[in-house]
Amino acid sequence: MNLFAEFLQVIREAVTAAAAEQGLTTSPDLSRVTAEPPREAAHGDVSTNAAMVLNKAFGKPPRVLAEAIAAKLSAHPDVAVVDIAGPGFINLRLKPVVWRRVLASVLALGDGYGRSRLGGGKKANVEYVSANPTGPLHVGHVRGAVFGDALAQLLIETGYDVTREYYINDAGAQVDVLARSAYLRYLEALGEDIGEIPSGLYPGDYLKPVGEALAKQYGPDLKQKSEADWLPIVRSTAMEMMMALIREDLAALNIRQEVFFSEKSLHDTGEVAATIADLRAMGHVYQGTLPPPKGDVPEDWEDREQTLFRATDFGDDIDRPLLKSDGSYTYFASDVAYSRNKIARGYKELIYILGADHGGYVKRLEAVAAALAGKGNVDVIVRLCQLVKLFRAGEPVRMSKRAGEFVTLRDVVDEVGPDVVRFMMLFRKNEAPLDFDFAKVTEQSKDNPVFYVQYAHARTCSVLRNAAAEGLLPAEAPDFSLLTDEAEQGIIRRIAEFPRLLESSAAAHEPHRIAFYLFDLAGDFHALWNKGKDSPQLRFILQEDVNLTTTRLAFLRAIRYVLSNGLRILGVRPAEEM
RNA sequence: GGUCCCGUAGCUCAGUCGGAUAGAGCAUCAGUUUCCUAAACUGAGGGUCACAGGUUCGAAUCCUGUCGGGGCCGCCA
């Protein structure tokens, strides 16, 4: 159950009833009415701003209107006390039975507690990583990968129909560079001395297996061919092997996207040409020249006529070229075709997870979707992830610009494990830069949030295990009225907020809120645990009181569900022991 | 020049479609610590929410402007 969603409904009904009583002819706009937990526990359990946002519609001062709504609310069977406070807040104090129902619903729903139908089955496409298929993923890809994956899972659990997607940039010049680099490794595998890899080509060792595979499959045959003949062969083998490598990297982080979409396929199927024809038919394409950029004008700037998309009609700052001056397609052209393809597949939300250096893309992506689907028909949501800075015990990890010495995603995951990487990448909002210290994130102390949250979950498991060893199991019909301590009540309140948290995180596309919530819940739980030191009657296992013990075990199980459900959305495996 | 993001406690950061007395961790200080799982616990001090206007019953949050930090800015990918 979603306590706050339920009470929002109750409050809306009370407002409607009050409106009828006051003789209002039109029903008031309830969209701004909220039901939320007050910051101060002293203000009650559920608070609403209804009287303040509706006072104009009713033509009454907020506190007078609050009286009328409060009168309706106090008749509700779950409401113990109704207060009117401050400028017109209506604060509800709920009967204890409500909290017992919350816990009972957590236990009944288990893994499903927190799921909702907020999305209403809306088709959403989450595109993330989309790194060029020219080598293994590096540390710069980690954050977007984790963020995209967690956001996708969050949307799935809040009722969206989600596709996780990776766009393969396999049509540009960089895959030809890859092919030439791999060809050198092929010669090397045949025993030739290739010396230093020339600058402009990829020098990484990860291309050696590609060379070996080519040598094994073709022997010396490719050497007889001209570049025009061997390049497509080498390119396709190299790209296939690079994509396999990338998928392995992603798998190491427990990321499995269901669609890997090829840019090249858009050209092969004629979709790029068809897209431009469509835009032209709609009158969004013209021949023209772009003004030079302000500020630093390139020295070799010259005006050239190109085929342009009228992006400025849809909110972009500048029109965007579809065809270069020599008539070939721009990268942007296949981007537009890709958007068109997604729209044709029925997605209503196109979500892009990009690096912060792609901030300039937001407007053009929005413009493209608006031009192709009509304004307001498809939502484009771009989340930019800021850089991750690596540290080792406080010292920045130096990355040589010299190619081949970058830190790979695999280096990071292999050193600290996928769970630590995933949690830490989400323990900061996406648009803020993030420091990642190898020493701190593996530290076993309360200063390390990953450990702190994992340990809370492990602790619940541990107590349940210990109790089971003594034949004590969670009660089938727990009497939650026995949980009267302030710390216990606080945890119950926090648990009650979980479904609301998931909905607001999904609506804002901000999975990091879940990580912070889990950190807070873990803190509440550890605090309750520690209270048992001074107050033995607060411990979970009390030999002399089986009834209370089994009730507390059921409570513990509810806490565990919430912790594990939150961790599952983040893609972090809950530890059962540490 | 344009555009996007950021600016909250000494430090690192949260802050709910605008809500009541702005929170957490670290650090500092004062106590506690033979305890179901050890990897500590309890408490205290610490704020002009960059600045100035505006909208609102109400602004850290929305709008405008200024200052400061960063990213991006022709046909590259």
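Order of the sequence lines sets the chain letters (A, B, ...), proteins ahead of strands, with each chain counted from 1. We use all heavy atoms of the structure for the numbers below, so side chains are in, but hydrogens, waters and symmetry mates are not.
With centres under 5.5 Å and a plane angle under 30°, the ring of A:Phe89 is stacked against the base of B:A20. Stacking here means ring centres nearer than 5.5 Å and ring planes tilted less than 30 degrees, and by that measure A:Tyr331 does not stack onto B:C76.
How far CG of A:Asn169 is from OG1 of A:Thr134: 9.5 Å, rounded to the nearest 0.5 Å. Note that OH of A:Tyr286 is 5.5 Å distant from CZ of A:Arg310, once rounded to the nearest 0.5 Å. Here the CD atom belonging to A:Glu443 is positioned 9.5 Å from the CZ atom belonging to A:Phe451, to the nearest 0.5 angstrom.
Distance, A:Lys446 NZ to B:A40 P: 8 Å, rounded to whole Å. When rounded to the nearest whole Å, the span between CD1 of A:Ile90 and C1' of B:C57 equals 15 Å. The nearest whole Å value for the distance from the CG atom in A:Asp316 to the C1' atom in B:C4 is 12 Å. Taking atom NZ of A:Lys324 as the reference point, atom C1' of B:C75 lies 6 Å away to the nearest angstrom. Between the CG atom of A:Leu384 and the C1' atom of B:U3 there is a distance of 12 Å, rounded to whole Å. One atom, CG of A:Leu365, and another, C1' of B:U3, lie 15 Å apart when rounded to the nearest Å. If you measure from atom CG of A:Leu65 to atom P of B:C57, you get 15 Å, rounded to the nearest angstrom. Here B:G15 presents its P atom at 14 Å from CZ of A:Arg500, a figure rounded to the nearest Å.
For A:Arg459, whose side chain is taken as the heavy atoms from C-beta onward, the closest listed nucleotide among B:C41, B:U21, B:A39 is B:A39. Checking B:C75, B:U16, B:C76 against every side-chain atom of A:Pro321, the shortest atom distance belongs to B:C75. When the nucleotides B:U3, B:C35, B:U16 are ranked by their closest atom to the side chain of A:Lys533, B:C35 comes out on top. Considering only side-chain atoms of A:Tyr361, the nucleotide from B:C76, B:C26, B:U16 that sits closest is B:C76. Distances from the side chain of A:Glu431 to the nucleotides B:G15, B:G19, B:C5 place B:C5 closest. Closest to the side chain of A:Glu40, from the set B:A14, B:G15, B:G23, is B:G23. Distance from the side chain of A:His43 is smallest for B:A20 among the nucleotides B:A20, B:G74, B:G19.
Base contact: A:Thr34 has a heavy atom under 4.0 Å from a base atom. Within the nucleic acid shown, A:Gly86 has no heavy atom closer than 4.0 Å to any nucleic acid atom. Among the heavy atoms of the strands lying under 4.0 Å from A:Arg465 is at least one base atom, whether or not backbone atoms are also near. Nucleic acid contact class of A:Ala458 (heavy atoms, under 4.0 Å, all strands): base. Residue A:Ser47 is in base contact, counting any heavy-atom pair closer than 4.0 Å across all strands shown.
Ring pair A:Phe89/A:His43: centre-to-centre distance not below 6.0 Å. Two rings, from A:Phe314 and A:His284, have their centers less than 6.0 Å apart. Centroid-to-centroid, the aromatic rings of A:Phe391 and A:Phe438 stay 6.0 Å apart or farther.
In this structure B:G18 sits in no base pair that meets the Watson-Crick or G-U test at under 3.5 Å. Nucleotide B:G31 forms a Watson-Crick or G-U wobble pair with B:C41, both donor-acceptor distances falling under 3.5 Å.
Taking atom C1' on both B:U21 and B:A60, the two are 15 Å apart, rounded to the nearest angstrom. Nucleotides B:G46 and B:C11 are separated by 13 Å at their C1' atoms, to the nearest Å. Going from the P atom of B:G74 to that of B:U28 covers 49 Å, rounded to whole Å. Taking atom P on both nucleotides, B:A24 is separated from B:A39 by 22 Å, rounded to a whole Å. A distance of about 50 Å separates the P atoms of B:A44 and B:G1, rounded to the whole Å. Taking the P atoms as reference points, B:U16 lies 25 Å from B:G53, given to the whole Å. Nucleotides B:C67 and B:A50 place their C1' atoms 8 Å apart, quoted to the nearest Å. A gap of 24 Å separates the P atoms of B:C17 and B:C13, to the nearest Å.
Residue side chain A:Arg39 does not reach the base of B:U21 through any donor-acceptor N/O pair under 3.5 Å, judged by distance alone. On a pure distance criterion of 3.5 Å, no polar donor-acceptor pair joins the side chain of A:Thr330 and the base of B:C75. Interface remark: the A:Ser445 side chain does not form any donor-acceptor pair with the B:A40 base, using a distance-only criterion of under 3.5 Å. One donor-acceptor pair, N or O on each side, does fall under 3.5 Å between the base of B:A20 and the side chain of A:Asn91.
There is no side-chain donor-acceptor pair under 3.5 Å between A:Ser47 and A:Glu36.
Proximity of A:Lys429 to the phosphate of B:G15: a side-chain N or O atom is located under 4.0 Å from OP1 or OP2. The phosphate of B:C17 (OP1 or OP2) has no side-chain N or O of A:His509 nearer than 4.0 angstrom. Contact annotation: A:Lys56 side-chain N/O to B:C57 OP1/OP2 distance is under 4.0 Å.
Comparing A:Glu510 and A:Lys363 against RNA chain B, the residue whose closest nucleotide sits nearer the 5' end is A:Lys363. Toward the 5′ end of RNA chain B lies the nearest nucleotide of A:Val53, the other residue of the pair A:Glu305 and A:Val53 mapping further downstream.
Cation-pi geometry between A:Arg320 and A:Phe309 is not met at under 6.0 angstrom from the ring centre and within 45 degrees of the axis.
At distances below 3.5 Å, at least one donor-acceptor pair connects side-chain atoms of A:Thr330 with backbone N or O atoms of A:Pro321.
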